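This report concerns only the one structure given below.
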Amino acid sequence: MTTETLIWLIPLPPALAFFLIVLFTNKNKALSHSVGVGAAVLSWLASMVVFFRALGVEHLGEHPFVSSVNWLPTGDTWFKIGVAIDPLGAAVLFFVSITIFMIFLYSVGYHNFGQPKGDHDRAGLPPHGATVTDEQGHKHTVPSVEPMYSRFFAFLGLFAFGMYTLVVSDNLLTMFVGWEIMGLCSYLLIGFWYGKPSARAAAIKAFMTTRIGDVFMLLGIAFLYSATGTLTFREIFTEEMLQHLVSIDPHFLGLTGAGLIGLLLFIGTVGKSAQWPLHVWLPDAMEGPTPVSAMIHAATMVSAGVYAVIRMFPLLSLDHNTMTVVAFIGTFTAIFAATIAVAQNDIKRVLAYSTISQLGFMIAALGIGAYVAAAFHLITHAFFKALLFLGSGSVIHGMEHGVLHTGNHSVDPQDMFNMGGLRKKMPITFWTFLIGGFALSGFPLLTAGFWSKDEILADAWANGHLVVFVTLALAAFMTAFYTMRQITLTFLGEPRTKEAEHAQETPWTMTVPLMVLSVFAIGYGWVGIPENFLNLQLAPSWFHEFVGGTLAEHPEVIPFNPIPLIVSLVVALGGLLLGWLYYRNVNSAKEDFFQIPLLKNKYYFDEAYQVVFIKPVIWLSEVFTYKWLDQGLIDGILHFFGPATGGIGGFIRQYIDLKVINEFIGDGLAAVTQETGRTLRPIQTGRIQQYMMLSLVILAVVGALLYFMLGAGL
Amino acid sequence: MEFLSQPLTLLTFFPLLGVLALAFIPGERKNLLRWTALVTTLVTFGLSLWVLSQFKSENPALQLVAQYNWITVAGWNIQYHLGVDGLSILLVLLTAFLTPISILSTWTAVEERVKDFMMFFLLLEVGMMGVFLAQDLFLFYIFWEFTLVPMYFLIGIWGGPRRIYAAVKFFLYTMAGSILMLLAILWLGINVGTFSVPDMIGKVPPGVQILLFLAFTAAFAIKVPMWPLHSWLPDAHVEAPTAGSVILAGVLLKMGTYGFLRFNIPLFPQASVQLAPWLALFATIGIIYGAAVSYAQSDVKKLVAYSSVSHLGFVMLGMFALNEQGIEGAILQMINHGLSTGALFLLIGMIYEQTHTREIKVYGGLWKITPIFGTIMLIASLSSMGLPGLNGFVGEFTILLGAFGSQAIGSPWYAGISAAGVIMAAVYILYMFQKMFLGPTGSIVEEVKHHGHALRDLNWREILTVLPLLIFIFWIGLYPKPFFDLMAPTVKALVAALPLP
């Protein structure tokens with residue numbers, strides 16, 4: 001099979017799985033997850049084949065795999081859609097397919113496959129546990145299987161389809177299609193336990209917030225299309241096309257055409273990758289099941305946002321102003337979210353803010369032109385953040401086990417202050433989480449996070465972006481600090497609750513993905529070690545060579561400088577050390593210095609948006625537009641004319657209708673009208689004739705007027 | 001028997017045979033009446049497919065023409081003149097497609113006076129077909145007015161509690177607009193010397209075009225309905241029986257947009273170009289306004305009705321972009337709106353039949369209780385809000401592309417602001433879905449149980465009723481090429497004739 005055909009086929013298995021599960025296998029749990037996981041495996045295999053074939057092509061950047069077909073008519077020509085894999089696409093495909101496969105597998109264990117049905121479980125709520133009687137006749141409460149098990153795999157399949165579509169697309173339109181399908185799936189999956197009001201609210205919030213970004217993106221696409229007549233990447237990223245885009249002046253904020261298009265597309269990313277000020281949806285999205293958090297908030301959807309801007313980099317980089325905005329948003333988000341993460345107690349929320357912050361790193365990197373560094377951090381982050389999310393899901397699972405054991409349901413299994421000492425109870429989860437956490441903190445030399453974050457800092461330093469450099473360094477310090485806080489509170493020390501004492505390691509379907517991902521959380525960094533690291537004259541960085549080849553102008557390797565290296569060592573190790581020193585002695589939220597209300601309440605953004613945007617919009621819709629304009633003004637005018645016409649109509653009826661028509665025509669038609677009248681009776685009002693008469697009067701008047709005017713016009 | 005060889009004549013008047021047959025069936029044999037109507041409309045649908053098979057999509061001109069002199073007195077030259085081209089073929093198919101579906105939806109919903117209902121319905125189909133096929137202005141006007149009558153009775157007799165108010169409002173509103181159009185038609189017929197539309201193209205003096213354009217607009221804008229002439233629509237929809245709503249939203253509104261396309265643009269090209277920014281402005285206001293008001297509704301049918309104002313705003317915006325993308329997007333969006341809004345009305349009707357209420361707040365948690373219904377409703381909702389992969393997106397996207405680069409409109413701001421309508425559509429649709437289908441079980445479920453029968457999921461007949469719509473929702477969403485192929489040459493010719501700046 002040709003590589004091009006194979007690329008077309010990559011997104012299909014998950015889509016087929018979605019339909020198969022929805023239509024046929026949804027009653028059978030084992031069959032449904034087999035179909036789901038099987039599809040994930042197929043797509044993964046195909047992706048690997050494509051990836052390794054791509055490795056074998058020299059100058060893949062100049063000669064990517066491409067294939068396209070006609071889709072929409074656009075006047076004389078056809079709008080083509082197609083697939084393409086260039087180095088960037090291949091690198092992204094690699095991590096996407098692995099993480100998706102792992103998340104599918106993990107979901108089997110997470111949703112308690114093989115466990116009995118719950119005693120009181122209902123569709124739309126998380127499972128509450130089932131009572132079983134063992135051989136000795138003792139009753140135990142054990143985890144129960146998710147009531148909507150099959151549905152979960154169906155949605156996950158659709159989601160994977162969206163992501164694969166996005167990655168293999170050679171144009172903005174199908175990329176946007178994949179983008180939106182993911183948006184829908186994230187809505188469905190965040191609201192998976194729709195029995196919980198918080199989950200419903202979070203689902204809508206996520207969808208709406210990202211859609212605000214999406215509409216700007218759609219406008220950017222429309223603008224780009226009307227300016228260039230194409231949406232295919234390789235046709236846009238040609239020298240003359242880019243020059244043409246720069247030369248357009250949209251008369252908007254002093255931006256060039258390219259700048260405005262770039263900015264509009266970037267707003268889509270701000271929504272999708274939860275950058276400030278559209279970041280509010282992502283922490284709430286933690287209401288979804290944990291594999292969803294991993295999928296949406298690590299491996300795929302949020303990465304898709306960053307991927308989109310990396311993809312559009314040749315266009316974005318044309319306008320200095322746009323790049324400044326991008327750099328600012330990224331840098332600000334990185335530090336802003338990091339400060340919030342310090343004050344969160346929910347294990348998943350810490351990770352959520354950490355994700356926002358790390359995505360900020362990538363965006364910032366892109367904004368300062370560090371193309372390869374942004375792509376590199378995107379990929380390493382996807383691995384270790386998926387690992388951390390899945391690890392946190394495993395922790396929660398273990399804690400829930402403890403909760404079922406003690407029967408005390410008032411204990412929140414996600415609150416880190418209820419944990420402690422889990423390293424002994426859940427060793428695999430602990431070690432893998434540690435790897436993930438250290439990678440996130442940028443633990444030197446060993447972890448992937450170190451290499452990618454170091455590269456961003458080095459780039460910022462080398463290109464003289466001092467503000468970005470300092471801010472990101474500070475954010476990196478905080479990252480290490482809150483990560484160690486999380487590890488210390490969760491795994492180290494002694495259990496702080498009975499539930500933590502009874503926590504239990506999770507089944508192999510959950511731990512195997514953790515182990516696989518930790519391999520990448522460490523090893524993936526090594527493919528990107530810069531060649532002049534410590535001036536050692538190492539082999540050229542594979543990642544830099546490969547992904548850098550995507551751009552027409554290959555990015556240069558920056559010279560080695562000890563300052564950023566020392567800074568990244570200090571912030572990573574310092575943050576980890578301080579985090580451990582402080583939090584090993586903290587036993588409850590009350591003792592924690594960082595429970596500052598401003599941070600805990602996320603700078604009150606939710607509240608502010610409620611007052612500034614949501615309430616006024618609802619008022620505009622319900623009161624102003626509907627009550628005042630529609631019911632009041634427009635129908636008011638009509639109802640004013642109603643009685644008025646009634647008066648005129650009555651007059652006409654009295655003096656013309658009754659006298660003239662009835663007396664002259666009257667009786668002859670009686671027989672016919674009687675039959676008609678019987679049919680009409682239910683709607684007979686008397687008024688209708690008045691209206692009809694009025695219509696005739698208007699007809700005469702307007703007719704005369706029209707003829708007069710037309711006559712004048714001729 | 002010459003008409004047998006004329007597909008269009010046969011297609012238009014075939015339902016009359018059904019009316020005749022119905023007349024001989026006693027009123028109490030309800031099932032026989034229903035089957036007769038269904039078979040009639042299915043045969044009509046078959047005839048429309050026959051027309052499609054004869055239709056040459058690469059030919060931009062009118063095809064399968066049937067043309068006779070009809071009234072030629074006192075210098076008037078009125079013809080019986082039917083024809084189909086790329087502008088109308090999809091609408092003809094849509095009409096023939098939606099009518100049997102509507103009839104199927106009345107199977108248990110209409111128990112009163114089934115005979116009259118079916119007769120009116122078949123007459124309505126004749127009128128609608130005639131509107132889309134007539135190529136003589138006078139003939140068109142007759143069909144146009146003719147559709148009013150059966151619809152008026154469908155709302156007025158089988159409608160809800162405020163049916164009389166709604167029916168009268170519907171009738172008067174549309175009548176008022178039609179009168180101006182009639183005057184313009186008469187003026188044209190007398191001054192140009194023919195009522196035949198193709199013969200009239202290029203013969204209307206530029207000096208009078210604006211007035212004539214406005215006179216036609218009065219009729220069509222009310223029908224569409226364009227803001228601020230929309231207020232008859234929510235009332236008519238809320239009171240109309242389900243089948244009436246489906247046809248009203250699916251086909252009757254399209255008569256307005258089709259009118260612009262068939263008459264305003266080709267007959268008054270100078271005026272069209274001149275007034276395009278104004279129509280775009282009103283369309284944009286309608287998009288935002290309709291979406292805003294939709295959100296404020298507590299009655300689910302009213303919500304969908306107002307959303308039509310918003311969606312048809314998109315159609316108008318695309319049409320008056322006056323370029324190929326815009327117009328093709330507009331035509332496709334007419335079809336899309338018929339499919340998705342048709343599906344929504346059908347589904348709402350199905351639940352209404354069981355609960356007898358449309359108040360959103362008494363529902364809740366329906367997805368658990370009726371999973372098939374919930375899933376289909378979700379698909380229809382997503383289609384209506386323009387999710388990529390489903391039909392609505394293809395139309396909206398093409399329209400936005402057209403409007404963005406439109407010379408006639410002259411500014412991308414209209415497209416820019418309209419795009420906000422896309423966000424708002426997500427708001428009202430998702431809130432509706434959330435309140436009715438997710439969350440805690442609504443009070444209506446208990447109430448229905450109280451009356452002795454639990455809420456049931458869709459039965460096979462109901463699934464069969466919406467299934468065809470779903471197929472097209474996916475088909476257009478994934479592979480719209482065949483649909484664009486049908487209209488592209490005619491649209492191209494239409495745009496080529498415009499005096500664009």
Side-chain angles (χ1 to χ4, degrees), chain A residues 22 70-75 122-124 173 176-177 179-181 184 187 191 194-195 197 200 203-204 207-208 211-212 214-216 218-219 222-223 225-226 618 620-623 625-627 629-630 634-635 638 679 682-683 685 687-688 691-692 695 698-699 702-703 706-707 709-710 713-714, chain B residues 116 153 156-157 163-164 167-168 171-172 175-176 179-180 183-184 187 205 207-208 211 215 228 231 289 292-293 295-297 323-325 328 367-368 375 382 387-389 393-394 397-398 400-401 404-405 412 415-416 419-420 422-423 426-427 430-431 434 438-440 480-481 484-485 488 492:
Chain A
V22 168
N70 291 342
W71 197 58
L72 277 181
T74 54
R122 291 215 338 260
L173 184 65
F176 187 73
V177 171
W179 177 280
E180 285 285 291
I181 289 175
L184 165 70
Y187 165 77
Y194 54 76
R200 292 200 302 276
I204 290 225
F207 195 83
M208 290 317 308
R211 203 161 166 96
I212 290 173
D214 294 352
V215 165
F216 284 98
L218 193 63
L219 283 176
F223 188 4
Y225 184 80
S226 64
I618 291 177
L620 269 180
S621 155
E622 288 183 345
V623 180
T625 321
Y626 183 55
K627 286 232 171 69
L629 280 185
D630 209 65
I634 294 180
D635 265 4
L638 281 179
T679 320
I683 50 165
T685 61
R687 222 194 206 183
I688 190 153
Y691 280 116
M692 293 292 205
S695 309
I698 296 174
L699 176 75
V702 177
L706 190 73
Y707 270 76
M709 294 197 294
L710 282 173
L714 267 180
Chain B
D116 299 348
F153 287 117
I157 299 178
R163 57 179 179 265
I164 293 171
V168 171
F171 197 97
L172 287 181
M175 265 302 276
I179 284 166
L180 286 176
L183 290 174
W187 190 93
V208 294
L211 267 178
S231 79
Y289 184 97
V293 177
Y295 177 77
Q297 298 311 313
N323 52 24
E324 286 169 51
Q325 285 144 16
E328 285 177 20
W367 208 352
K368 283 194 288 268
T375 308
L382 294 172
L387 188 87
F393 173 74
V394 179
F397 181 72
T398 325
L400 282 179
L401 280 187
F404 210 91
V422 179
I423 308 184
V427 182
L430 286 184
Y431 269 98
Q434 183 197 359
L438 308 178
K481 187 172 177 289
F484 282 117
D485 278 342
K492 198 174 156 126

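Remember, it's a predicted structure, so these values are computed and weren't measured experimentally. Numbered from 1 within each chain, the chains take letters A, B, ... in sequence-line order. These numbers come from the heavy atoms of this one structure, side chains and all, not from hydrogens, waters or symmetry mates.
We find the CG-CZ distance between B:L430 and A:R200 to be 13.5 Å, quoted to the nearest 0.5 Å. Here B:Q325 contributes atom CD and A:Y225 contributes atom OH; the two are 5.0 Å apart, rounded to the nearest 0.5 Å.
Between A:L173 and B:F393 the shortest side-chain heavy-atom distance falls below 4.5 Å.
In this pair, B:F404 and A:F223 present their aromatic rings tilted. The plane angle is within the 30 to 60° band.
In this structure, chain B has no heavy atom under 4.5 Å from any part of A:F216. Contacts between A:I212 and chain B at a heavy-atom distance below 4.5 Å involve backbone atoms as well as side-chain atoms. For B:P412, no part lies under 4.5 angstrom from a heavy atom of chain A. Within the 4.5 angstrom heavy-atom criterion, only side-chain atoms of A:I204, from C-beta onward, approach chain B.
Considering only heavy-atom pairs separated by less than 4.5 Å from chain A, the leading option among B:W367, B:Y289, B:Y295, B:Y431 is B:Y289. Ranked by heavy-atom pairs under 4.5 Å with chain A, the list B:A419, B:G405, B:G389, B:P228 is led by B:A419.
Annotation for A:E180 and B:L387: closest pair O-CD1, 3.9 Å, computed over non-hydrogen atoms. The two residues A:L219 and B:A415 come nearest to each other via the heavy atoms CD2-O, 3.9 Å. B:I423 and A:R211 make their closest contact through CG1-O, 4.1 Å (heavy atoms, listed as atom of the first residue, atom of the second, distance).
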